[in-house]
Asker: 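There's a structure below that I have some questions on.
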Amino acid sequence: MIHGIKGVKDLLPEEAARWQVIEETARRLSFLYGYREIRVPIFESTELFARSIGASTDIVEKEMYTFQDRDGSSLTLRPEATAGVARAYIEHNLGASATAQKFFYLGPMFRHERPQAGRLRQFHQYGVESFGSASPLADVEVVSLLWRVLSELHLPGLTLEINSLGDVADRPAYKGVLLDFLKRQEEQLCQNCRRRMGTNPLRVLDCKVPTCKAATEEAPKLTDHLSLNSRQHFEEVLGGLKELGIPYLLNPRLVRGLDYYTLTTFEVTSQHLGAQNAVGAGGRYDGLVEALGGPKTPAIGFAVGIERASLVLPDSAVPSLGKMVFVAAFGQKGVPVGTRILHELRTLGVRSDSDYRATTLKAHLRQADRLGAVFVLIIGDDEAEKGQVILRNMTSKEQQDLPLSTAAQSVASRLSSV
RNA sequence: GUGGGUGUAGCUCAGCUGGUUAGAGCGCCGGAUUGUGGAUCCGGAGGUCGCGGGUUCGAAACCCGUCACUCACCCCA
């Protein structure tokens with residue numbers, strides 16, 4: 001038997017219904033906040049991701065699905081969407097538009113990681129990107145949209161954490177201060193963190209190894225080494241969140257893994273997820289567009305893991321299936337009449353079904369019951385000959401004869417009044 | 001990439017220190033009800049015990065290998 005690839009999942013109808021709720025909410029609220037949908041390719045040139053995500057990140061180092069095109073160029077299945085959206089923004093010169101450019105997207109991403117709860121090799125994200133505004137108000141808008149979407153889905157146990165990484169000028173200065181500190185503590189750091197000192201020292205602060213945590217307890221805080229502008233920006237973001245009544249937690253150790261983040265970074269976690277508990281996260285990336293060869297452009301965005309959202313989405317958030325009518329047709333003469341009336345019902349917009357395997361009335365009714373039909377139209381040979389159908393109300397068990405010619409219409413109007 | 005856990009019917013799982021024909025519940029199909037669903041009773045179908053090798057008179061069970069799933073580390077949405 002051929003089975004699906006490791007880390008890749010089929011979405012059966014029951015779960016697809018959960019996704020539809022998430023996707024519908026994401027689309028509706030994004031649009032409400034002035035964002036419009038953008039669809040960018042699922043694969044891009046490898047260089048795009050290497051340059052935007054950061055050459056020394058795990059994603060680029062060992063998690064990308066990279067392959068050669070026929071002409072020998074290196075392509076990669078997107079591990080995230082920001083790079084592609086930024087590329088499109090530059091390529092179509094969207095910075096020249098008079099209006100701010102705000103986008104949302106939905107789609108699959110690919111990372112070759114070991115699967116676990118809430119982590120797959122093909123996973124899906126909903127995200128937004130807001131280009132052009134350096135104002136803290138843009139940060140507040142993006143965070144509040146994220147919070148709104150997750151809250152409106154009634155995801156339980158949410159916490160919003162926020163931090164500032166400083167701007168491009170602050171970081172090298174802070175990195176120096178941090179490295180001095182880390183060098184004095186090097187003995188107590190894990191192998192991984194010693195390596196990180198050379199590649200991405202900020203990540204040492206995010207290490208979960210207890211000894212590392214303890215060793216960096218007294219580490220100089222990023223937020224204490226911000227420039228006046230950066231600090232002011234952060235203060236205004238926090239002030240804006242307070243203004244909107246969005247609860248947040250300051251987390252000076254919150255360091256996003258992707259190299260392009262600057263200033264504001266944030267993450268929303270749920271207690272009800274496993275170890276991979278971030279359901280949505282993002283940050284400002286003011287340097288990215290320029291780094292990719294575009295004009296100097298401030299930008300900020302977030303991404304939500306659809307699978308993770310679905311894991312904690314309460315069942316009550318998923319609407320039940322609508323009312324439906326079942327056609328129970330049997331016998332030489334009954335079946336063709338039933339086929340016709342089923343078609344008629346569907347033409348009238350009535351959700352209706354039949355079971356072509358069932359040959360007895362009993363079997364039909366059993367199927368009707370399982371599908372939750374509110375009405376069943378019974379058509380056997382007797383009814384077909386008399387030009388009638390029996391209408392059975394499945395909850396009250398009442399039955400009545402209807403003339404065949406107007407039966408579908410009559411059921412349609414009854415259905416709307418049930 | 002590294003660790004741990006689990007693989008027995010469609011699903012959830014029993015199966016003792018190795019011992020006759022591998023079980024239960026739920027689900028499915030049929031009958032009781034010759035044209036009326038859910039409840040009840042009765043009957044039935046359904047299994048390469050993940051796969052391969054080994055030990056043994058005898059393996060679902062023990063050993064080795066392998067694959068899959070899963071959780072965690074790492075990292076991240």
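All chains are named by letter (A, B, ...) in the order of the sequence lines, taking the proteins before the strands, and each is independently numbered beginning at 1. Atoms considered below: every heavy atom in the structure, side chains included; atoms not considered: hydrogens, waters and symmetry mates.
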Asker: Which parts of nucleotides 4-12 of chain B does protein reach within less than 4.0 Å, heavy atoms only, written one letter per nucleotide 5' to 3' as B for base, S for sugar-phosphate only and - for none?
Answerer: ---------
Asker: Would you mind reading off the distance between Arg121(A) atom CZ and A77(B) atom P, rounded to a whole angstrom?
Answerer: 18 Å
Asker: My understanding is that a pair needs two contacts under 3.5 Å, Watson-Crick or G-U wobble. By that rule, which nucleotide pairs with G38(B)?
Answerer: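 By the stated definition (distances under 3.5 Å), nothing pairs with G38(B).
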Asker: C76(B) C1' sits how many Å from Phe302(A) CZ, rounded?
Answerer: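 Between C1' of C76(B) and CZ of Phe302(A): 17 Å.
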Asker: Got a salt bridge between Lys333(A) and Asp382(A), using NZ or NE/NH1/NH2 to carboxylate O under 4.0 Å?
Answerer: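 Salt bridge: no.
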Asker: Searching all strands shown, indicate the nucleotide that pairs with C74(B) (Watson-Crick or G-U wobble; both distances under 3.5 Å).
Answerer: none
Asker: Using the P atom as the point on both nucleotides, what is the distance between C67(B) and G10(B), in whole Å?
Answerer: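 Taking atom P in both G10(B) and C67(B), they lie 25 Å apart.
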Asker: So which one's nearest nucleotide on RNA chain B is more toward 5', Gly305(A) or His3(A)?
Answerer: His3(A)
Asker: Could you identify the nucleotide paired to A68(B), looking across every strand shown and requiring Watson-Crick or G-U wobble geometry with both distances under 3.5 Å?
Answerer: U6(B)
Asker: Any side-chain N or O of Gln276(A) under 4.0 Å from OP1/OP2 of C76(B)?
Answerer: no
Asker: Atom CG of Asn277(A) and atom C1' of C76(B): how far apart are they, to the nearest Å?
Answerer: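 My rounded result for the distance is 10 Å.
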Asker: Using a 4.0 Å heavy-atom cut-off across all strands, classify Gly331(A) as base, sugar-phosphate, or nothing.
Answerer: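 Nothing: the residue Gly331(A), judged by heavy atoms under 4.0 Å, touches no strand.
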Asker: Can you measure Glu113(A) atom CD to C74(B) atom P for me and round it to whole angstrom units?
Answerer: 13 Å
Asker: With a 3.5 Å distance limit and no angle check, can you tell me whether Arg414(A) reaches the backbone of Phe375(A) through a side-chain donor-acceptor pair?
Answerer: no
Asker: Taking the P atom of each, how far is G7(B) from A60(B), in whole Å?
Answerer: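 My reading of the P atoms in G7(B) and A60(B) gives 16 Å.
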Asker: Whole-Å distance between A77(B) C1' and Arg308(A) CZ?
Answerer: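 So the two atoms are 5 Å apart, to the nearest Å.
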Asker: Mind checking the P distance from U34(B) to G15(B)? Whole angstroms is fine.
Answerer: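 Result for the P pair: 44 Å, nearest Å.
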Asker: Run the salt-bridge test on Lys9(A) and Glu307(A) with the 4.0 Å N-O cut-off and return the result as yes or no.
Answerer: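 Looking at Glu307(A) together with Lys9(A), the answer is no, because their closest N to O distance does not fall below 4.0 Å.
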Asker: For the P atoms, the ones on C28(B) and on A39(B), what distance do you get once it is rounded to whole angstrom?
Answerer: 9 Å
Asker: Between Lys6(A) and C69(B), is there a side-chain N or O to OP1/OP2 distance below 4.0 Å?
Answerer: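 Lys6(A) to C69(B) OP1/OP2: side-chain N or O found under 4.0 Å.
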Asker: Indicate whether OP1 or OP2 belonging to C69(B) is found under 4.0 Å from a side-chain N or O atom of Lys9(A).
Answerer: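 So the side-chain polar atoms of Lys9(A) never come under 4.0 Å of the phosphate oxygens OP1 or OP2 of C69(B).
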Asker: Enumerate donor-acceptor pairs with a distance under 3.5 Å from any side-chain N or O in residues 265-274 of chain A to protein atoms, sequence neighbours excluded.
Answerer:
from	atom 1	to	atom 2	distance (Å)
Glu267(A)	OE1	Arg256(A)	NH2	2.3
Ser270(A)	OG	Pro156(A)	O	2.9
Ser270(A)	OG	His272(A)	N	3.1

Asker: Say you pick atom C1' in G5(B) and the same atom in G50(B); how far apart are they, in whole Å?
Answerer: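 Their C1' atoms lie roughly 16 Å apart.
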Asker: Considering only atom P, compute the distance from A22(B) to A45(B) and round it to an integer number of Å.
Answerer: 14 Å
Asker: What's the gap between U70(B) and G30(B) when it is taken at their P atoms, as a whole Å value?
Answerer: 35 Å
Asker: May I ask you to check whether Tyr260(A) and Tyr285(A) place their ring centres under 6.0 Å from each other?
Answerer: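 Yes, they do, as the ring centres are separated by less than 6.0 Å.
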Asker: When you check the gap from the basic side-chain N to the acidic O, do Lys62(A) and Asp58(A) get nearer than 4.0 Å?
Answerer: yes
Asker: Under a 3.5 Å cut-off for both distances, is G58(B) Watson-Crick or wobble paired, and to whom?
Answerer: none
Asker: Relative to each other, are the rings of Phe302(A) and Tyr126(A) parallel, tilted or perpendicular (30° and 60° limits)?
Answerer: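 Plane angle over 60°, so perpendicular.
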Asker: How many whole angstroms separate atom NZ of Lys62(A) from atom C1' of C73(B)?
Answerer: 11 Å
Asker: Paired with C13(B) by Watson-Crick or G-U wobble geometry, both distances under 3.5 Å: which nucleotide is it?
Answerer: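 C13(B) is paired with G23(B).
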Asker: Keeping Ser352(A) on the side-chain end and Val350(A) on the backbone end, is there a donor-acceptor pair under 3.5 Å?
Answerer: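 Checked: pair present.
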Asker: Just call it for Leu120(A): base, sugar-phosphate, or nothing, with non-hydrogen atoms closer than 4.0 Å on any strand.
Answerer: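 It contacts base atoms.
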Asker: Strictly under 4.0 angstrom, non-hydrogen atoms only: write out the protein contact profile of nucleotides 27-42 of chain B, one letter per nucleotide from the 5' end, B, S or -.
Answerer: -SSS--B-BBBB----
Asker: In whole Å, I'd like the distance from the CG atom of Leu273(A) to the C1' atom of A77(B).
Answerer: 10 Å
Asker: Can you tell me how far apart OH (Tyr261(A)) and CG (Leu254(A)) are? Round to the nearest 0.5 Å.
Answerer: 10.0 Å
Asker: Quick one: look up who C49(B) pairs with, Watson-Crick or G-U, both distances under 3.5 Å, and put none if it's unpaired.
Answerer: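 Check on C49(B): unpaired, no WC or wobble geometry under 3.5 Å.
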Asker: Count the heavy atoms of every other residue, nucleotide or ligand shown that sit under 6.0 Å from CD of Gln400(A), and state whether that count exceeds 12.
Answerer: yes
Asker: Using a strict cut-off of less than 4.0 Å between a Lys/Arg side-chain nitrogen and an Asp/Glu carboxylate oxygen, indicate whether Arg51(A) and Asp259(A) qualify as a salt bridge.
Answerer: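 Looking at Arg51(A) and Asp259(A), the cut-off is not met.
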Asker: Atom CG of Leu313(A) and atom C1' of A77(B): how far apart are they, to the nearest Å?
Answerer: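 Rounded to whole Å, this separation is 16 Å.
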Asker: Take Ala117(A) and Val268(A), find for each the nucleotide of RNA chain B with the closest heavy atom, and name the residue whose nucleotide sits nearer the 5' end.
Answerer: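 Its nearest nucleotide lies further toward 5', so the answer is Ala117(A).
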Asker: P atom, U33(B) versus A14(B): distance in rounded Å?
Answerer: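 Those two atoms are separated by 40 Å.
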Asker: Treating Ser354(A) as the side-chain partner and Val327(A) as the backbone partner, does any N or O pair qualify as donor plus acceptor under 3.5 Å?
Answerer: yes
